[in-house]
Amino acid sequence: MTPRKRYWLMKSEPDAFSIDDLQRVGTEPWNGVRNYQARNFMRDGMHVDDGVLFYHSNTKVPGVVGIARVASTAYPDDTQFDPKSHYHDPKATREQPRWFLVDVAFERKLKRTIALEEIKRHTDELGEGFPLTARGSRLSVFPVTAAQWKLLLSLE
DNA sequence: GCCAACGTTGGC
DNA sequence: GCCAACGTTGGC
């Protein structure tokens, strides 16, 4: 049985990996996530063809810049095993991987950036707990409801 | 570049 | 199991 389509938001620093990079390569393993909550969402929650809002963080105008889709089920993030990688985790083994990822595929760029500043004006509709606007939240992968998805894209 | 907020680590 | 120290995130 095919699970109902879910929606997610995934943050990336454009200096490291931008929506243009994703457009160029088409599909990319979402490596480097080293937060358990974000990992759990990828490993336990994501299904192929789920929708992804691509968000640029730590940049001049942070915001949602494109749409992607989940392109694989979760599998171990290879960078955790590589001593030369910035994402190397000495406690992870092939037998007992600690970090998982999914492949993410490009769908389209938004016509314009939906800036965080603008998104904040809709806190009431998005809900107090929405991780993008919740105070102090740094979660880089989290679920978005169908209603939140629709609202955010209506701002495009 | 600053720094508040948060998550993780490790000594005890 | 507590919690101080440290490292990271990410808006500004």
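Only a predicted model underlies this, so the values are computations on that prediction, with no experimental measurement involved. Chain letters run A, B, ... following the sequence lines, proteins first and then strands; every chain starts at 1.
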Exercise. Give the rounded distance in Å between these two atoms: CZ of A:Arg135 and P of B:dA5.
Key: 5 Å
Exercise. Could you tell me the separation between the CG atom of A:Asp15 and the P atom of B:dG1, rounded to a whole number of Å?
Key: 13 Å
Quiz item: Could you state the NE2-P distance from A:His86 to C:dT9, rounded to the nearest angstrom?
Solution: 7 Å
Quiz item: Taking the nucleotide of DNA chain B with the closest heavy atom to each, which residue, A:Tyr36 or A:Asn58, is nearer the 5' end?
Solution: A:Asn58
Quiz item: Does the C:dT8 base have a donor-acceptor partner in the side chain of A:Arg34 within less than 3.5 Å?
Solution: no
Quiz item: Any side-chain N or O of A:Lys120 under 4.0 Å from OP1/OP2 of C:dC12?
Solution: yes
Quiz item: Between the side chains of A:Ser18 and A:Asp21, does any donor sit under 3.5 Å from an acceptor?
Solution: yes
Self-check item: Interatomic distance where CG belongs to A:Asn35 and C1' belongs to C:dT8 [whole Å]
Solution: 11 Å
Quiz item: What does A:Lys91 touch in the nucleic acid at a heavy-atom separation under 4.0 angstrom: a base, only the sugar-phosphate, or nothing?
Solution: sugar-phosphate
Quiz item: Please give, in whole Å, the distance from B:dG7 C1' to A:Phe142 CZ?
Solution: 17 Å
Quiz prompt | Pairwise distance CZ(A:Arg108) to CD(A:Glu156) - rounded to 0.5 angstrom | solution = 4.0 Å
Self-check item: Nucleotide C:dG11, atom C1' - distance to CD of A:Glu117 in whole Å
Solution: 12 Å
Quiz item: Separation of A:Tyr87 atom OH from C:dG7 atom P, in whole Å?
Solution: 18 Å
Quiz item: Cut-off 3.5 Å, side chains only: do A:Trp30 and A:Asp103 have a donor facing an acceptor?
Solution: no
Quiz item: Tell me, do A:Met42 and A:Val141 make a side-chain contact under 4.5 Å, heavy atoms counted?
Solution: yes
Self-check item: A:Tyr55 side chain near C:dT9 phosphate (N/O to OP1/OP2, under 4.0 Å)
Solution: no
Quiz item: Side-chain N or O of A:Lys11 less than 4.0 angstrom from OP1 or OP2 on C:dT8?
Solution: no
Practice problem: Find the distance A:His56:NE2 to C:dT9:P and express it as a whole number of Å. | Solution: 16 Å
Quiz prompt | A:Leu22 and its side chain to side chain contact (heavy atoms under 4.5 Å, CB included) partner, picked from A:Val104, A:Thr27, A:Val52 | solution = A:Val104
